[in-house]
Amino acid sequence: MNWKTLSSEYLSHHIYFTARKDRCERPDGKIVPEYFVVELPPCVAAMALTENNEVLIIKQYRHPIKKTILELPGGFIDEGETPEQAIARELLEETGYQFSSFDHLGKVAANPGVLDNYTHLFLARGGKKIADQKLDDNEDIELLLLPLEEVKQLLADNKIEQALHTACIFYALQKMDSQK
């Protein structure tokens, strides 16, 4: 079922967004003259629990959907970082919390029909506030500390709209339930 890429033409280059047009051949010999792919760096996200068992939820504006939404902390993996290093860094930058343990829950593809990256999902535990937020220039993040039951209800009520983050919460809850 795999296609063969015959050629690629880059349409835009940016550190966080590269678009290309591929010309492909399917196994049945049919040529796909234009298939558009957005290349993104791999990402990380975590359901992060403080040492008091509160979940760190962030609230921020997302311009593509023109809405302020609830999310989990996370972001892009920098060159040379492991997913574990990236999530520890992102949690510290976005929340000021450092965590004692990380469970890698797997990885998911946001939209593999267009996007080429994966997001690594984590359950972080034992969070302690050790610093102030250190946000990127375009980040404006409000940090919320919510009881686990409230986060479960937000998930059930479709109040966490970021699909990768709902998957992370689902897998984190599954991991926690399996360890009871």
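Throughout, numbering of the chain's residues begins at 1 and tracks the sequence. Every value quoted in this text rests on a predicted model; they were computed, and no experiment measured them.
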_salt bridge (charged side-chain N to carboxylate O under 4.0 Å, His left out) between Arg20 and Asp22, intermediate numbers included_ = CA-CA 6 Å; Arg20 72 172 200 262; Asp22 289 348; 2.7 Å; yes

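- With His165 contributing its side chain and Leu72 its backbone, the two residues share a donor-acceptor pair below 3.5 Å.
- Residues Leu145 and Asn52 are not in side-chain contact: their nearest non-hydrogen atoms beyond the backbone lie 4.5 Å or more apart.
- With a 4.5 Å cut-off on side-chain heavy atoms, Leu121 and Lys107 do not count as touching.
- At least one side-chain heavy atom of Ile57 sits less than 4.5 Å from a side-chain heavy atom of Val151.
- By the 4.5 Å heavy-atom criterion applied to side chains, Phe122 and Cys168 are not counted as neighbours.
- Gln133 and Glu94 form no side-chain donor-acceptor contact under 3.5 Å, judged by distance and modelled atom types alone.
- The shortest distance between side-chain heavy atoms of Arg26 and Val32 falls below 4.5 Å.
- Annotation: salt bridge (Lys or Arg N to Asp or Glu O under 4.0 Å) contacts of Asp103 (sequence neighbours excluded): Arg125.
- For the 3.5 Å distance criterion, the side chains of Tyr61 and His63 qualify, holding a donor opposite an acceptor.
- Within a 6.0 Å radius of NZ in Lys129, more than 12 heavy atoms belonging to other residues, nucleotides or ligands are found.
- Side-chain atoms of Pro42 and Tyr118, non-hydrogen and from C-beta on, never get closer than 4.5 Å to each other.
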